[in-house]
Amino acid sequence: MKQVRFANGDGSENESLEKESEEAVNSDPPIQLKLLPLTDQIHELQTIIRDKTTSRGEFVFCADRLIRIVVEEGLNQLPYTECIVTTPTGQKYEGVRFKRGNCGVSIMRSGEAMEQGLRDCCRSIRIGKILIQSDEETLKAKVYYAKFPPDIYRRKILLMYPILSSGNAVVEAVRVLIDHGVQASRIILLSLFSTPHGVTSIVQEFPEITILTTEVHSVAPTHFGEKYFGTD
């Protein structure tokens with residue numbers, strides 16, 4: 001898996017800030033940033049999701065496919081133990097099993113789009129939720145709701161947030177998890193699209209966290225949540 005890749009942006013009101021962040025990350029790529037290889041399949045899904053003419057049905061279908069790909073790779077980052085099983089023919093087979101104690105946490109609302117993909121891969125996995133919104137006056141991210149398994153401090157966390165733009169919501173979510181006893185090194189952020197500024201913000205605040213994404217691009221498809229849930 002490649003650790004960093006950037007596509008050419010088409011500009012935004014934060015273009016100078018994004019460019020500065022992109023240059024900083026390119027010059028010294030953080031080892032905790034893990035990027036899925038850009039296959040034609042992934043690139044097509046990214047294209048359809050970004051296309052403004054894509055119908056909602058097609059959007060959700062492709063988003064779910066991309067989510068599943070990211071979730072599958074996220075599972076590859078979890079710890080496992082070696083084991084030996086007996087096959088139906090009586091042969092011994094040396095395999096592996098995931099260690100117990102993993103947990104998913106979605107940042108509401110867009111993060112909830114990734115929950116089913118995680119459940120499809122891990123039927124019995126526990127999933128917590130965090131609701132973070134921007135304060136109307138200060139524009140700062142504020143935590144309004146958080147519910148986790150009582151032993152979350154013992155678990156490896158797959159933090160789900162499809163669009164990593166400013167990074168503010170993720171930073172607040174990680175702070176809440178740390179307040180509940182979770183070590184930052186036990187958190188893996190699963191994101192579909194990320195910006196250089198978002199990645200830099202998280203890495204600077206929590207250098208031990210792992211970020212897994214399909215793309216780092218200066219312009220993120222911020223319409224994702226509204227399009228996915230049909231509230232656009």
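What you are looking at is a predicted structure, and each value in this text was computed from that prediction instead of being measured. Counting from 1, the numbers follow the sequence of the chain as shown.
Side-chain contact check for Leu75 versus Cys121: some heavy-atom pair is nearer than 4.5 Å. Contact check for Val174 versus Ile209: side-chain heavy atoms found under the 4.5 Å cut-off. Side-chain atoms of Leu192 and Thr213, non-hydrogen and from C-beta on, never get closer than 4.5 Å to each other. For the pair Ile157 and Ile152, the minimum side-chain heavy-atom distance is below 4.5 Å. The shortest distance between side-chain heavy atoms of Phe148 and Val182 does not fall below 4.5 Å. Glu44 places none of its side-chain heavy atoms less than 4.5 Å from the side chain of Gln41. By the 4.5 Å heavy-atom criterion applied to side chains, Ile202 and Ile211 are counted as neighbours. Contact check for Lys156 versus Ser185: no side-chain heavy atoms found under the 4.5 Å cut-off.
In terms of heavy-atom proximity, Leu35 sits nearest to Thr214 at CD1-C, 3.7 Å. Between Ile49 and His223 the shortest heavy-atom distance is O-NE2, 3.1 Å. Scanning all heavy atoms of the two residues, the minimum distance from Ser201 to Ser166 falls at OG-O, 3.4 Å. Smallest separation of non-hydrogen atoms from Val199 and Ser194: CG2-CB, 3.9 Å. Between Gln46 and Glu215 the shortest heavy-atom distance is NE2-CB, 3.5 Å. Residues Ala169 and Tyr161 approach most closely at CB-OH, 3.7 Å, considering heavy atoms.
Stacking of Lys147 on the aromatic ring of Tyr145 is not recorded, the 6.0 Å distance cut-off and the 45° axial limit not both being met. Both the sub-6.0 Å distance and the 45° axial angle are not jointly satisfied by Arg97 relative to the ring of Tyr80.
Ring geometry, Phe59 versus Tyr228: the interplanar angle exceeds 60°, so the pair is classed perpendicular (tilted spans 30 to 60°).
Enclosure of atom CG in Asp40 is not indicated, since only 12 or fewer non-hydrogen atoms of other residues, nucleotides or ligands lie within 6.0 angstrom. Counting non-hydrogen atoms of neighbouring residues, nucleotides and ligands closer than 6.0 angstrom, the CZ atom of Arg154 reaches no more than 12 such neighbours. Heavy atoms from other residues, nucleotides or ligands lying under 6.0 Å from CZ of Phe61 number 12 at most.
The residue from Ile187, Val170, Leu177, Ile178 that alone fulfils the side chain to side chain contact (heavy atoms under 4.5 Å, CB included) condition with Phe206 is Ile178.
Cluster membership for Ile42 and Phe224, using ILVMFWY side-chain heavy atoms within less than 4.5 angstrom, is shared.
Ion pair Glu58/Lys227 not flagged as a salt bridge, since none of the NZ, NE, NH1 or NH2 atoms sits closer than 4.0 Å to an Asp/Glu carboxylate oxygen. Between Arg175 and Glu205 there is a salt bridge, since a side-chain N of the basic residue sits under 4.0 Å from a carboxylate O of the acidic one. The pair Lys34-Glu73 fails the salt-bridge criterion, with no side-chain N (NZ, NE, NH1 or NH2) lying under 4.0 Å from an Asp/Glu carboxylate O.
When atom types are taken as modelled, the side chain of Thr195 and the backbone of Ser165 share a donor-acceptor pair closer than 3.5 angstrom. Side chain of Gln133 to main chain of Val143: no donor-acceptor pair is present (N/O by atom type, distance under 3.5 Å, no hydrogens or angles). Judged by distance alone, the side chain of Ser191 and the main-chain N or O of Phe193 form a donor-acceptor pair under 3.5 Å. A side-chain donor-acceptor contact under 3.5 Å links Arg186 to the backbone of Arg155.
For the 3.5 Å distance criterion, the side chains of Thr231 and Glu226 fail to qualify, holding no donor opposite an acceptor. Using modelled atom types and a 3.5 Å distance limit, the side chains of Gln116 and Asp120 yield a donor-acceptor pair. Thr86 and Lys92 are linked by a side-chain donor-acceptor pair at a separation below 3.5 angstrom, with hydrogens and angles left out of the test.
Note that CG of Leu212 is 9.0 Å distant from CG of Leu158, once rounded to the nearest 0.5 Å. Taking CD1 from Ile130 and CD from Glu172, the interatomic distance works out to 10.0 Å, rounded to the nearest 0.5 Å. The line from CD1 of Ile107 to CD1 of Ile163 is 12.0 Å long, rounded to the nearest 0.5 Å. For the atom pair CD (Glu115) and OG (Ser106), the distance works out to 3.5 Å, reported to the nearest 0.5 Å. Here OH of Tyr93 is found 13.0 Å from CD of Gln91. Values are rounded to the nearest 0.5 Å. With values rounded to the nearest 0.5 angstrom, Met160 atom CE is found 11.5 Å from Met108 atom CE.
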Asp64 and Arg68: CA distance, side-chain angles, deciding distance, side chain to side chain contact (heavy atoms under 4.5 Å, CB included) verdict: CA-CA 6 Å; Asp64 286 342; Arg68 179 65 178 263; over 6 Å; no

Verdict with reasoning, Leu36 to Ile69, per side chain to side chain contact (heavy atoms under 4.5 Å, CB included): CA-CA 9 Å; Leu36 273 70; Ile69 292 172; 3.4 Å; yes

Would Thr210 and Gln32 satisfy side-chain hydrogen bond (donor to acceptor under 3.5 Å, both in side chains), going step by step from the backbone distance to the final call? CA-CA 5 Å; Thr210 297; Gln32 61 270 56; over 6 Å; no

Does Lys129 form a side chain to side chain contact (heavy atoms under 4.5 Å, CB included) with Val105? I'd like the steps, not just the answer. CA-CA 5 Å; Lys129 295 178 182 288; Val105 174; over 6 Å; no

Stepwise, does the side chain to side chain contact (heavy atoms under 4.5 Å, CB included) test hold for Arg119 with Met114? CA-CA 9 Å; Arg119 287 195 177 99; Met114 304 181 73; over 6 Å; no

